[in-house]
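This report concerns only the one structure given below.
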Amino acid sequence: KQEVTQIPAALSVPEGENLVLNCSFTDSAIYNLQWFRQDPGKGLTSLLLIQSSQREQTSGRLNASLDKSSGRSTLYIAASQPGDSATYLCAVDSWGKLQFGAGTQVVVTP
Amino acid sequence: DGGITQSPKYLFRKEGQNVTLSCEQNLNHDAMYWYRQDPGQGLRLIYYSQIVNDFQKGDIAEGYSVSREKKESFPLTVTSAQKNPTAFYLCASSMQRGIQETQYFGPGTRLLVL
């Protein structure tokens, strides 16, 4: 059974600092890995999708890497801003089914 | 604007009562999903549907029921058999259910028990 873990559960950084969020999964037989953002009491917004054949994906200040063999993905957010405060979830697609981590709650202080 | 709508935003259930959560999408997506989110936990799949008039159980389907009579709509009923229904419910859709398909999420419905 695929298990997805995100550590730490919460993170607080000063504005301008780079954010590094970790996601690990137990079964390397995945089709893709996605990173989502969730604001309090809201739905999820897709940030990046990395296909299993890719090593990384970039969008603006966001960069996500994928190492299938070690079961890890890292989301980097450069030059963090208070507007980046949210919960970030990773989800692994195994056979068309998304398995979610519990998320990392991020607070960026001005 | 294309997107997914969920209603109501908050829903209160009394003991022994069935309640229905609405999910509508105008993205012309074939696949739709219902997830449950509890504090400190990841999303868990309740039901999914790949096509009209067809749906499959997810990981935690007990105490829930769904229907898919129209492509745009995928309502979820929380029955009295669900003993711990308090949670945040999220509906999602994708072009089709399969690999490499991004899921788009609605704003969610928070269900509380009176």
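This structure is a prediction, so every number in the text was calculated from the model and none was measured. Every chain is numbered from 1 and lettered A, B, ... according to where its sequence line falls, protein lines coming before strand lines.
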Practice task
Go through the atoms of Gln6(B) and report whether side chain, backbone, both or neither lie under 4.5 Å from a heavy atom of chain A.
Solution key: neither

Give the minimum heavy-atom separation between [X] and [Y], together with the two atoms involved.
{"X": "Gln38(A)", "Y": "Phe88(B)", "result": "NE2-CE2, 3.7 Å"}
{"X": "Leu90(B)", "Y": "Lys42(A)", "result": "CD2-O, 4.4 Å"}
{"X": "Ala102(A)", "Y": "Gly40(B)", "result": "CB-O, 3.4 Å"}

Handout entry: Interatomic spacing from CD in Gln37(B) to CG in Leu89(A) - rounded to 0.5 Å
Key = 6.5 Å

Exercise for the section: Give, for atom CZ of Phe36(A) and atom OG1 of Thr102(B), the distance between the pair rounded to the nearest 0.5 Å. Expected result: 7.0 Å

Exercise for the section: Kindly indicate whether the side chain of Lys1(A), heavy atoms from C-beta on, has any atom under 4.5 Å from the side chain of Asp59(B). Expected result: no

Exercise for the section: Indicate, with yes or no, if Leu62(A) and Leu66(A) share a hydrophobic cluster defined by side-chain heavy-atom contacts under 4.5 Å among Ile, Leu, Val, Met, Phe, Trp and Tyr. Expected result: yes

Would one find more than 12 heavy atoms of other residues, nucleotides or ligands at under 6.0 Å from atom [atom1] of [X]?
{"X": "Ile51(B)", "atom1": "CD1", "answer": "no"}
{"X": "Arg72(A)", "atom1": "CZ", "answer": "no"}
{"X": "Phe100(A)", "atom1": "CZ", "answer": "yes"}
{"X": "Glu24(B)", "atom1": "CD", "answer": "yes"}
{"X": "Glu62(B)", "atom1": "CD", "answer": "no"}

Handout entry: Worked check of side chain to side chain contact (heavy atoms under 4.5 Å, CB included) between Tyr35(B) and Leu98(A)
Key = CA-CA 10 Å; Tyr35(B) 293 92; Leu98(A) 286 184; 3.9 Å; yes

